[in-house]
Participant: 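Here it is: the structure, laid out below.
Along the sequence shown, the residues carry numbers beginning at 1.
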Amino acid sequence: MPEPPLFPKVVVGFEENPRGEDAKVLAERIVASDGGGLNVVRVTDADPAETLAELAERGEADLIVLGSTHRGAIGAVSPGSVAERLLKGARARLLIAPKGYAESDFAETLHVVGVGFDGSHESQAALEEAAELARRARASMRVIAVGTPTPPIGAAAAAQAAARETGPDFQTRLHDAVGQLPSELRALPILDRGDPVERLLARAEEGLDLLVLGSRGFGPVMRLLVGSVSAKMIRHAPCPVMIVPRPVG
């Protein structure tokens, strides 16, 4: 007996432009593989973020798919844009198709799923989502954590905080989290150090078919950059990026 869809109700925010086509193609591929239903919502004459958020609030959207662009069209990550507004509290998962997705040679099935991890509840929710996606696709996983460099001597309090978040204890949490995943996922723990966005983008360039992130966090000390990390990732990532909403409670 086939498994029920992971995303029973997929909604794509669509405009008549290349970015809208990117989102539509990605959504169609998800529905074809997952078995859910697709609702193409044309948002040209409405408030896109409000329209899509209301669908999620009413339980009519489990996954919202948008196209990515720097400005102007739906999915633009600029102050007050559709994706940014949805990032701030939409109940549905948010999936951004990279620019040019519809015309690219992206595989129609997942082979490698990446996930940002920092040990928080948000990143744990993202890890669980990524693991289920990888299991269903028989894909492998990369669990990516990024620690910021230790501050210069003199910033004692900041240095101590960074050491707590990027030291052996955090490495242990990362390896423990990966160790709890099913062996068939072939999950690889990756601990990087540097600018969170730069390191996540670099890892995405190494062959990820999907990057899953929690709605807050994205790695040790990344909480200092809440909003900027997620916004930059969905604008610049070379692969689709899924944002998992904050767990309820």
Side-chain angles (χ1 to χ4, degrees), residues 77 83-84 86-91 93-96 112-134 139-151 155 157-182 185-206 208-249:
V77 184
E84 185 181 79
L86 290 174
L87 277 172
K88 293 181 178 179
R91 293 181 180 272
R93 306 165 184 88
L94 179 63
L95 180 63
I96 306 298
V112 183
V113 176
V115 57
F117 180 79
D118 71 353
S120 67
H121 292 303
E122 290 83 357
S123 71
Q124 184 62 41
L127 179 63
E128 293 171 3
E129 186 91 3
E132 180 61 13
L133 285 163
S140 61
M141 286 185 65
R142 296 175 187 169
V143 183
I144 307 163
V146 183
T148 56
T150 303
Q160 291 175 3
R164 286 195 301 270
E165 291 196 298
T166 62
D169 287 346
F170 178 72
Q171 295 181 46
T172 298
R173 294 201 303 273
L174 171 63
H175 284 272
D176 286 348
V178 171
Q180 293 174 18
L181 296 172
L185 297 181
R186 307 180 300 284
L188 176 67
I190 299 173
L191 180 57
D192 278 345
R193 189 179 296 276
D195 177 80
V197 173
E198 290 181 0
R199 297 314 308 151
L200 286 171
L201 287 174
R203 292 298 180 178
E205 291 279 3
E206 294 176 355
L208 296 185
D209 297 305
L210 174 69
L211 177 62
V212 183
L213 300 173
S215 59
R216 299 289 187 274
F218 311 132
V221 196
M222 290 189 203
R223 296 182 190 83
L224 300 176
L225 305 171
V226 166
S228 64
V229 171
S230 54
K232 290 176 182 177
M233 288 305 301
I234 64 177
R235 180 189 295 182
H236 297 296
C239 65
V241 176
M242 178 181 291
I243 309 297
V244 178
R246 173 177 290 187
V248 177

Participant: When rounded to the nearest 0.5 angstrom, what is the spacing between CD1 in I243 and CD1 in I96?
Facilitator: 7.5 Å
Participant: L201 and P238: which non-hydrogen atoms are nearest, and at how many Å?
Facilitator: CD2-CD, 4.4 Å
Participant: List for me each residue that meets side chain to side chain contact (heavy atoms under 4.5 Å, CB included) alongside E206, sequence neighbours excluded, and say none if there are none.
Facilitator: R142, R203
Participant: Quick one: CD on Q180 to CD on Q124, what's the gap to the nearest 0.5 Å?
Facilitator: 7.5 Å
Participant: First locate atom NE2 of H236, then atom CD of E205, and finally report the distance between them rounded to the nearest 0.5 Å.
Facilitator: 12.0 Å
Participant: How long is the span from the OG atom in S123 to the CD1 atom in I144, to the nearest 0.5 Å?
Facilitator: 12.5 Å
Participant: To the closest 0.5 Å, what do you measure between CD (E128) and CG (L181)?
Facilitator: 9.5 Å
Participant: M233 and V241: which non-hydrogen atoms are nearest, and at how many Å?
Facilitator: O-CG2, 4.0 Å
Participant: Which heavy atom of M141 sits nearest to which heavy atom of A130, and what is that distance?
Facilitator: CE-CB, 3.9 Å
Participant: Looking at every non-hydrogen atom in both residues, tell me the closest pair between F117 and F170 and how far apart they are.
Facilitator: O-CZ, 3.8 Å
Participant: State the CG-CD1 distance between L200 and I190, to the nearest 0.5 angstrom.
Facilitator: 10.0 Å
Participant: By the definition side chain to side chain contact (heavy atoms under 4.5 Å, CB included), identify the one residue from L208, V143, V244, L133 that meets it with V115.
Facilitator: V143
Participant: Could I get the full list of side chain to side chain contact (heavy atoms under 4.5 Å, CB included) partners for A139, not counting sequence neighbours?
Facilitator: L110, V113, A134, A137
Participant: Identify the two heavy atoms, one from P240 and one from L95, that lie closest to each other, and give their separation to 0.1 Å.
Facilitator: CB-CD1, 4.1 Å
Participant: How close do L213 and A126 get, counting heavy atoms only, and between which atoms?
Facilitator: C-CB, 3.7 Å
